Amino acid sequence: MYRIQTMNKISPVGLNRFPSELYEVGDAVQDPQGILVRSAKLLDLEFNPSLLAIARAGVGVNNIPLDRCAAAGIPVFSTPGANANAVKELVICAMLMGSRDIPGAIRWVREQAASGVDVSTVVEKGKSAFIGPELYKKTLGIIGLGAIGSIVANTAISLGMDVYGYDPFLSVDTALRLDRHVHVVKDINDLYKRSDYITMHIHYTEKTAHMIDADAIAAMKRGVRVINLARGEIVDDEAMLTALDTGMVAAYITDFPNNRLLTAPHVIAMPHLGASTPESEQNCAAMAVDTLRDYLESGNIRSSVNLPEMTMDRSGVQRLCVLHKNVPGMLANITSLFGRDGVNVENLSNKSRGDYAYTMVDLGSKVGDNVIEDVRRTANVIRVRSLEW
Ligand SMILES: NC(=O)c1ccc[n+]([C@@H]2O[C@H](COP(=O)([O-])OP(=O)(O)OC[C@H]3O[C@@H](n4cnc5c(N)ncnc54)[C@H](O)[C@@H]3O)[C@@H](O)[C@H]2O)c1
Ligand SMILES: O=C(O)[C@H](O)COP(=O)(O)O
C-alpha cells in the first residue's frame, strides 16, 4: 500500500483515481510516500525518510522547498496549464471590475438600502460616481506569456484590445499558440509605457520578487490599472500604495490581499480565487494524482519542477530508479554493478537537470538485494528505488 497525505482539500475527481486496494489517502496519513498539496506552506517541512514525491495540484510552487526536495531525491510535480482557463476568466473580470469599480458600485447600492433609502430613487443620480472606461481599443500589457498569459492575450484580442506581451523565455509552443496580433516586445518598458492595463502571469521566484517596484511603476502610463493574480510578492506593496495615492495607478486588483493594502480605496482584493472553479480543481487534482501515481508505480517523472523529466515504457522484470548527482561516470558506475551479477540491461535512460540526474534501468532478470545496496552506496547516489513487474 502506498500512503498519500493530502495537505489541502483536493477534488475527489482526482482522489478517486487512486485505486483503494493500492493507496491509503487522507489528511491524517502518517509517514506518507506521497504528498498532495495546493497552497499549504511546506517550506519548513521536515521530510520523513519514506517521502518519495510531492504533487502540487496547481502551478505556483513557491510554497514548496524545491531545492531541498531535489537534494533529498524528492521530485516535485505541478500541473501545467490545468488551471489556466479559470485564471484567464478572472483576469477579464478583474479588468472590468477595475475599470468600472463594480465592487464599489455594488457596495454603494447595498449601503443605500441599508441606510433606509429607496434604492430605486437614487440609482440614476448615484451612478455617475462609477463611470469607467471600456476595454475595447485599450492596451493590455501582459508580463509572462505562459499557460495563463498566452490565453489572456488571445481573449483580450478577441475583446478588441491591443495586446503587448513580454516574456524573455517564451517557449516555441506558446509562441505558436499566440494570436498573431499580439505584439511581443523584448523591452518591458515598451509594454509599460503603452499599457492601460497590466497583468502579470509569472512565477514568484527570487528573480521576480518586487519586479513591480517604484521604478517599474514610474515607467508606466499614468492611470494604469494593474492586475496581480500571480503572487503578492511580485509587487512592492509600498510602491503600489504610493502610486495609488498619487493616481499614477488608478486601481490595483489583486488575488493576494493583506491588511496594509486594504487601507487604500482603489485596491480590489480577492481571496486567492484564481483557480477556484470546479473545473480547474478537478483538472489539477486529476493531473497531480496521475503524475504522482506514474512516479510511484513506474518511476516516470512528468511535469517535475525540480528534477529531470523522464518516462520509459516498462520492459524486463525489474526497474531500478536512481536519483543521483549530475557528475561524470555515474552511468558506468551504476551499470557495472549489474554486469557483475550477470544481469542484462533491457533498457536504460539517463537525464540531468542542473546539479541532479536520474537514471532508470530496466533489467531482464531480478538483481539481488546486495546489488541494489551497492548501487545505493555508490558515491553521489541520492536515492534508489526498485520496482518489479
Ligand atoms: N491566482 C491564482 O489562483 C493562480 C492560479 C494559477 C497560477 N497562478 C500564478 O500564476 C503563475 C503563472 O502560471 P502559468 O500557469 O501561466 O505558468 P507558466 O509557467 O505557464 O508561465 C509563466 C511564464 O512566465 C515567463 N517568465 C518567467 N520569468 C519572466 C520574467 N521575468 N518576465 C516575463 N515573463 C517571465 C515564463 O517564460 C513562462 O512563459 C504561477 O506561478 C502562479 O504563481 C495564480
Ligand atoms: O498557483 C496556483 O496554481 C494557484 O495560485 C492556485 O492555488 P490554489 O490551488 O491554492 O487555489
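Residues take their numbers from the sequence shown, with the count starting at 1. Computed from a predicted model, the values in this text were never measured in an experiment. Start at 1 and go down the list; that is how both ligands and their atoms are numbered.
At a 4.0 Å heavy-atom cut-off, ligand 1 does not touch K207 at all. Of the heavy atoms in V87, only side-chain atoms (C-beta onward) come closer than 4.0 Å to ligand 1. Looking at D255 against ligand 1, only its side chain comes within 4.0 Å, counting heavy atoms. Contact annotation: for R231 versus ligand 2, heavy atoms closer than 4.0 Å belong to the side chain alone. Counting heavy atoms under 4.0 Å from ligand 2, residue N83 touches it through the side chain alone. Looking at R231 against ligand 1, only its side chain comes within 4.0 Å, counting heavy atoms.
Put simply, the side chain of M220 reaches to within 4.5 Å of the side chain of I198, judged on heavy atoms. The shortest distance between side-chain heavy atoms of M97 and M270 falls below 4.5 Å. When side chains are defined from C-beta on, T208 counts as touching T205, because their heavy atoms get closer than 4.5 Å.
Under the 3.5 Å distance criterion, the side-chain polar atoms of R376 are matched with a main-chain donor or acceptor of V384. Checked by atom type and distance alone, the side chain of N326 never pairs as donor or acceptor with a backbone atom of A357 at under 3.5 Å. A donor-acceptor pair is defined here as one N or O able to donate and one able to accept, closer than 3.5 Å; such a pair exists between the side chain of D196 and the backbone of T139. Side chain of N154 to backbone of R177: a donor-acceptor contact under 3.5 angstrom is found. Remark: side-chain polar atoms of T174 are not paired, donor with acceptor, to backbone N or O of L170 under 3.5 angstrom. Although no hydrogens or angles enter the test, the distance criterion places no donor-acceptor pair under 3.5 Å between the side chain of N283 and the main chain of N83. Without hydrogens or angle criteria, D255 side chain to G274 main chain gives a donor-acceptor distance under 3.5 Å. Between the side chain of E24 and the backbone N or O of R3, no donor-acceptor pair lies under 3.5 Å.
Remark: minimum distance from atom 13 (O) of ligand 1 to any protein heavy atom is reached at I148 CD1, 3.4 Å. The protein heavy-atom contact nearest to atom 40 (C) of ligand 1 is H203 ND1, 3.6 Å. Here the heavy atom of the protein found nearest to atom 10 (O) of ligand 2 is S39 OG, 2.5 Å. The closest protein non-hydrogen atom to atom 9 (C) of ligand 1 is A230 O, 3.6 Å. For atom 28 (N) of ligand 1, the closest non-hydrogen atom of the protein is F169 CE1, 3.5 Å. For atom 21 (O) of ligand 1, the nearest non-hydrogen atom of the protein is G146 CA, 3.3 Å. Scanning all protein heavy atoms for the shortest distance to atom 5 (O) of ligand 2 gives H272 NE2, 2.6 Å. Ranking the protein heavy atoms by distance from atom 7 (O) of ligand 2 puts R56 NH2, 3.2 Å first. Regarding atom 11 (C) of ligand 1, its nearest protein heavy-atom neighbour is I202 O, 3.4 Å.
Residue A147 has at least one N or O atom closer than 3.5 Å to an N or O atom of ligand 1. At under 3.5 Å, not a single nitrogen or oxygen of M211, backbone or side chain, sits near a nitrogen or oxygen of ligand 1. By the 3.5 Å distance cut-off applied to N or O atoms, I143 is not counted among the residues near ligand 1. Checked by distance only, ligand 1 and P168 stay at 3.5 Å or farther apart across all their nitrogen or oxygen atoms. Considering backbone and side-chain atoms together, R38 places an N or O closer than 3.5 Å to an N or O of ligand 2. On a distance-only criterion, G60 and ligand 2 share at least one N/O pair closer than 3.5 Å. At least one N or O atom of V59, backbone or side chain, sits closer than 3.5 Å to an N or O atom of ligand 2.
The G274 neighbourhood of ligand 1 comprises atoms 1 (N), 2 (C), 3 (O), with distances under 4.0 Å to a heavy atom of that residue. Taking a cut-off of under 4.0 Å to the non-hydrogen atoms of D167, the atoms of ligand 1 that pass are 23 (C), 24 (O), 25 (C), 26 (N), 33 (C), 34 (N), 35 (C), 36 (C), 37 (O), 38 (C), 39 (O). Applying the 4.0 Å criterion to heavy atoms of A57 picks out, from ligand 2, the atoms 9 (O). If you number the atoms of ligand 2 from 1 as listed, the ones under 4.0 Å from a heavy atom of G58 come out as 3 (O). Taking a cut-off of under 4.0 Å to the non-hydrogen atoms of Y166, the atoms of ligand 1 that pass are 32 (N), 33 (C), 34 (N). Annotation for ligand 1: atoms under 4.0 Å from non-hydrogen atoms of H201 are 12 (C), 22 (C), 23 (C), 24 (O). Atoms of ligand 1 found under 4.0 Å from any heavy atom of L229 (numbered from 1 in listed order, with element): 1 (N), 2 (C), 4 (C), 8 (N), 9 (C), 44 (C). Numbered from 1 in the order shown, with element, the atoms of ligand 1 that lie under 4.0 Å from a heavy atom of G144 read 24 (O), 33 (C), 34 (N).
A heavy-atom separation below 4.0 Å is not found between E281 and ligand 2. Heavy atoms of P80 stay at 4.0 angstrom or farther from ligand 1. Contact annotation: C284 has no heavy atom less than 4.0 Å from any atom of ligand 2. Residue A84 places every heavy atom at 4.0 Å or more from ligand 1.
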side-chain contact (heavy atoms from CB on, under 4.5 Å) for Y197 and V224? Distances and angles first, verdict last. CA-CA 6 Å; Y197 302 81; V224 63; 5.8 Å; no
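L191 and G141 make their closest contact through CG-CA, 3.7 Å (heavy atoms, listed as atom of the first residue, atom of the second, distance). When all heavy atoms of Q5 and D27 are compared, the pair lying nearest together is NE2-O, 3.3 Å.
There is no side-chain donor-acceptor pair under 3.5 Å between S39 and N63.
Screening R194, K137, H183 for a side chain to side chain donor-acceptor pair (under 3.5 Å) involving D162 leaves a single residue, H183.
The aromatic ring centroids of F256 and H272 lie less than 6.0 Å from each other.
Ion pairing between D355 and K325 fails under the 4.0 Å rule for side-chain N and carboxylate O. Under a 4.0 Å N-O distance rule, the pair D290/R17 qualifies as a salt bridge.
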